[in-house]
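Structure first, commentary second.
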Amino acid sequence: MSGLEACLFDLDGVIVDTAKYHFIAWRQLADELGFVFTERDNERLKGVSRQRSLDILLEVGGLSLSEDAKAKLAAKKNGIYLDYIRKMTPDEILPGAQEFLWEFKAAGLKTALATASKNSALILDLLKIRPLFDVVVDGNKVSRTKPDPEVFLKCAEELGVEPKRCVVFEDAEAGIEAALAAGMFSVGIGDPAILKKAHIVAPGLGGISLEEVVLAFDPGKDRA
Ligand code: G6P
Ligand code: MG
């Protein structure tokens with residue numbers, strides 16, 4: 001199939017609508033710290049680890065805090081986030097995502113979840129979607145956050161597939177940069193004005209077919 005062997009999916013904002021809860025939780029923290037945090041600011045937090053997200057948030061607010069204070073704030077944010085997550089139902093799986101993944105698996109392609117989140121096991125269990133993935137690499141398994149390619153390269157390694165045979169589905173600018181740095185084909189999920197560096201962009205997994213991905217995936221392209 002045109003050299004495509006594996007599909008790597010980001011979690012938050014691609015498979016499930018948790019990106020909004022991350023934003024609500026960070027914004028609540030910013031409110032309490034006394035500054036405004038906008039959706040535009042939030043784009044910089046997508047795909048990056050909790051610690052790095054907090055650093056960016058504090059930069060937006062012009063604040064500099066001790067490591068101890070930062071650890072407390074990161075734990076507080078996660079508490080707010082988990083209060084939302086624990087109430088989630090499979091309805092919050094994004095439209096078309098499950099069907100799309102089963103279509104890939106039925107076509108003999110390997111699938112992986114590639115996320116910076118340390119809460120992925122809980123989310124996969126709550127939504128009963130663990131069987132969709134042959135491999136899961138999350139924030140507990142990697143030390144460098146996107147845009148570093150580590151999470152995607154680890155998926156390729158665990159799947160036993162060359163990076164250039166992988167396609168990545170990502171809603172974050174940092175995630176697209178990580179996919180490109182890994183030498184992979186990238187499909188941006190969301191707004192083309194934001195995901196400019198992606199090879200192609202779709203509004204959601206429900207808005208793109210396996211056939212379109214296979215056609216766009218160009219094995220002749222000189223990726224690393
Ligand atoms: C994903 C999200 C980020 C989030 C990160 C860590 O990459 O896009 O917004 O900060 O995971 O998530 P966690 O659940 O570990 O706080
Ligand atoms: Mg995401």
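Every number for a ligand or one of its atoms is a count from 1 in the order of the listing.
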Specify the protein heavy atom at minimum distance from atom 15 (O) of ligand 1: its residue, its atom name, and the distance to 0.1 Å.
Lys118 N, 2.6 Å
Taking atom CD of Glu39 as the centre, report whether more than 12 heavy atoms of other residues, nucleotides or ligands fall under 6.0 Å from it.
no
Candidate pair Glu173 and Lys46, rule side chain to side chain contact (heavy atoms under 4.5 Å, CB included), full reasoning:
CA-CA 7 Å; Glu173 282 178 281; Lys46 287 186 179 173; over 6 Å; no
State plainly whether one hydrophobic cluster holds both Met88 and Leu132, where clusters connect Ile, Leu, Val, Met, Phe, Trp and Tyr through side-chain heavy atoms under 4.5 angstrom apart.
yes
Are any of the heavy atoms in Gly47 under 4.0 Å away from ligand 1?
yes
Which of the atoms in ligand 1, numbered in the order shown and given with their element, are less than 4.0 Å from a heavy-atom of Ser53?
10 (O)
Any N or O of Ser117 that comes nearer than 3.5 Å to an N or O of ligand 1?
yes
Kindly assign one of parallel, tilted or perpendicular to the pair Phe185 and His199, based on the angle between their ring planes and the thresholds 30° and 60°.
parallel
Distance from atom 1 (C) of ligand 1 to nearest protein heavy atom, with residue and atom
Asp12 OD2, 3.1 Å
Step by step, would you call Gln98 with Ile129 a side chain to side chain contact (heavy atoms under 4.5 Å, CB included)?
CA-CA 8 Å; Gln98 295 203 73; Ile129 54 172; 3.7 Å; yes
Suppose I only count heavy atoms of Leu45 and a 4.0 Å limit; which atoms of ligand 1 are within that range?
3 (C), 9 (O)
Using a 4.0 Å heavy-atom threshold (strictly under), name the region of Val48 that reaches ligand 1: side chain, backbone, both or neither.
backbone
Sort by chain and number the protein N/O/S atoms found under 2.8 Å from the Mg ion (ligand 2).
Asp10 OD2, Asp12 O, Asp171 OD1
Where do Glu32 and Lys76 land on the side chain to side chain contact (heavy atoms under 4.5 Å, CB included) test, with the steps shown first?
CA-CA 11 Å; Glu32 289 173 20; Lys76 185 169 186 185; 2.5 Å; yes
Relative to the heavy atoms of Arg50, which atoms of ligand 1 are at a distance of less than 4.0 Å?
6 (C), 13 (P), 15 (O), 16 (O)
Measure the acute angle between the ring planes of Phe169 and Phe104, then classify it against the limits of 30° and 60° as parallel, tilted or perpendicular.
perpendicular
Which atoms form the tightest heavy-atom contact between Ile189 and Pro203, and what is the distance?
CG2-O, 4.0 Å
Does Lys70 NZ have over 12 foreign heavy atoms under 6.0 Å away?
yes
Any N or O of Asn119 that comes nearer than 3.5 Å to an N or O of ligand 1?
yes
Do you know the tightest heavy-atom contact between Leu113 and Leu124?
CD2-CD1, 3.9 Å
